[in-house]
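Report on one structure; see the data block that follows.
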Amino acid sequence: NENIFIIKAHTKDFQESLLKLKDEINFEGFTIVYELNLAKSTNEVAELLGKKGVLKEGINLGICKSSFTLQMVEENINNINYCPLGISVYQNKNNEIFISYKKYKTIKNGDKIALKINEVLKDLIFKSLD
């Protein structure tokens, strides 16, 4: 998909997938600036509306690395809007686990950092799955 990168994890253990991703994020020098439990919040809203929740588990991680952010804003000061970068780990009702991120697009023609951002995020995910 041109807008999102999604990969299905080979494990059925959500916490293991999340922990490995966090470990890789930290190992590569990124800081996790927020962690949102979207499964919990969306399932609570679904219950209040008399609906069934969609996610069994679901965490969004916001990550940042000052040296990488510097590269982003050196290219184009408006790239600050990309921060923090986001990765999602989620599990559906069939116990399938997915890791994904929204692909970043250039803000202006000629910008190259969006391609680098997408490669860095993809690399973090693949390394966490090894």
Side-chain angles (χ1 to χ4, degrees):
N1 184 307
E2 69 182 52
N3 296 314
I4 193 166
F5 174 84
I6 304 170
I7 190 160
K8 185 177 175 183
H10 50 78
T11 181
K12 296 285 185 192
D13 187 333
F14 177 82
Q15 291 301 324
E16 178 186 342
S17 296
L18 180 60
L19 182 61
K20 285 183 173 183
L21 180 60
K22 286 179 171 182
D23 284 349
E24 190 59 38
I25 287 167
N26 289 323
F27 181 76
E28 294 294 332
F30 284 85
T31 300
I32 297 172
V33 293
Y34 68 78
E35 181 175 325
L36 297 174
N37 188 333
L38 290 180
K40 180 181 177 189
S41 61
T42 59
N43 289 339
E44 287 173 356
V45 170
E47 185 178 329
L48 290 171
L49 296 173
K51 298 179 177 186
K52 291 184 179 184
V54 176
L55 297 168
K56 185 172 180 182
E57 301 277 355
I59 301 288
N60 281 4
L61 299 173
I63 65 172
C64 196
K65 183 176 181 180
S66 296
S67 60
F68 195 63
T69 302
L70 175 61
Q71 292 175 39
M72 292 165 54
V73 296
E74 281 179 328
E75 180 181 89
N76 182 338
I77 195 167
N78 296 313
N79 286 335
I80 196 167
N81 290 291
Y82 288 154
C83 294
L85 305 173
I87 300 179
S88 301
V89 183
Y90 47 100
Q91 183 175 29
N92 63 21
K93 298 295 181 180
N94 296 327
N95 291 321
E96 298 170 312
I97 299 169
F98 301 91
I99 305 174
S100 68
Y101 66 89
K102 180 178 63 177
K103 290 183 182 174
Y104 290 84
K105 311 270 189 219
T106 58
I107 290 182
K108 69 176 186 175
N109 286 341
D111 284 355
K112 295 188 179 6
I113 199 71
L115 296 171
K116 188 170 182 180
I117 292 169
N118 291 327
E119 287 304 312
V120 165
L121 293 176
K122 187 187 306 180
D123 193 47
L124 285 172
I125 291 170
F126 282 136
K127 285 181 177 178
S128 78
L129 294 171
D130 288 341

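The two residues Leu38 and Asn60 make their nearest non-hydrogen contact at CD1-ND2, 2.9 Å. Among all heavy-atom pairs drawn from Gly29 and Lys65, the shortest one is O-CG, 3.5 Å. Between Ile117 and Met72, the closest heavy-atom pair is CD1-CE, 3.9 Å. Contact detail for Thr106 and Ala114: the closest heavy-atom pair is N-CB, 3.7 Å. When all heavy atoms of Ser17 and Val89 are compared, the closest pair comes out as CB-CG1, 4.5 Å.
Rounded to the nearest 0.5 Å, atoms NZ (Lys52) and NZ (Lys93) are 9.0 Å apart. Distance check: Ser100 OG to Ile6 CD1 gives 5.5 Å after rounding to the nearest 0.5 Å. Interatomic distance, Thr69 OG1 to Ile80 CD1, rounded to the nearest 0.5 Å: 8.0 Å. Atom OH of Tyr101 sits about 15.0 Å away from atom CG of Leu61, to the nearest 0.5 Å.
A heavy-atom distance below 4.5 Å is found between the side chains of Tyr104 and Leu85. When side chains are defined from C-beta on, Phe14 counts as touching Ile59, because their heavy atoms get closer than 4.5 Å.
Salt bridge Lys112/Glu75: absent, no basic N to carboxylate O contact under 4.0 Å.
Every residue meeting the side-chain hydrogen bond (donor to acceptor under 3.5 Å, both in side chains) condition with Gln91, not counting sequence neighbours, appears here in chain and number order: Asn95. The salt bridge (Lys or Arg N to Asp or Glu O under 4.0 Å) check on Glu119 picks up Lys122, with sequence neighbours excluded.
Atom CG of Asn109 sits in a sparse spot, with 12 or fewer heavy atoms from other residues, nucleotides or ligands closer than 6.0 Å. Counting non-hydrogen atoms of other residues, nucleotides and ligands closer than 6.0 Å to OH of Tyr34 gives a total above 12.
Counting only residues at least two apart or on different chains, the salt bridge (charged side-chain N to carboxylate O under 4.0 Å, His left out) pairs with a member in residues 19-31 are Glu16-Lys20, Lys22-Glu35, Glu28-Lys127.
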- [ ] Start with the C-alpha distance between Leu124 and Ile63, add both sets of side-chain angles, then the distance that settles side-chain contact (heavy atoms from CB on, under 4.5 Å), and finish with yes or no.
- [x] CA-CA 11 Å; Leu124 285 172; Ile63 65 172; 3.8 Å; yes
Open item on the list: Please determine whether side-chain contact (heavy atoms from CB on, under 4.5 Å) holds for the pair Leu121 and Phe5, giving the CA-CA distance in whole Å, both sets of side-chain angles, and the decisive distance to 0.1 Å.
Closed with: CA-CA 9 Å; Leu121 293 176; Phe5 174 84; over 6 Å; no
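Taken together through direct or relayed side-chain contacts under 4.5 Å among Ile, Leu, Val, Met, Phe, Trp and Tyr, Leu18 and Phe98 form parts of separate hydrophobic clusters.
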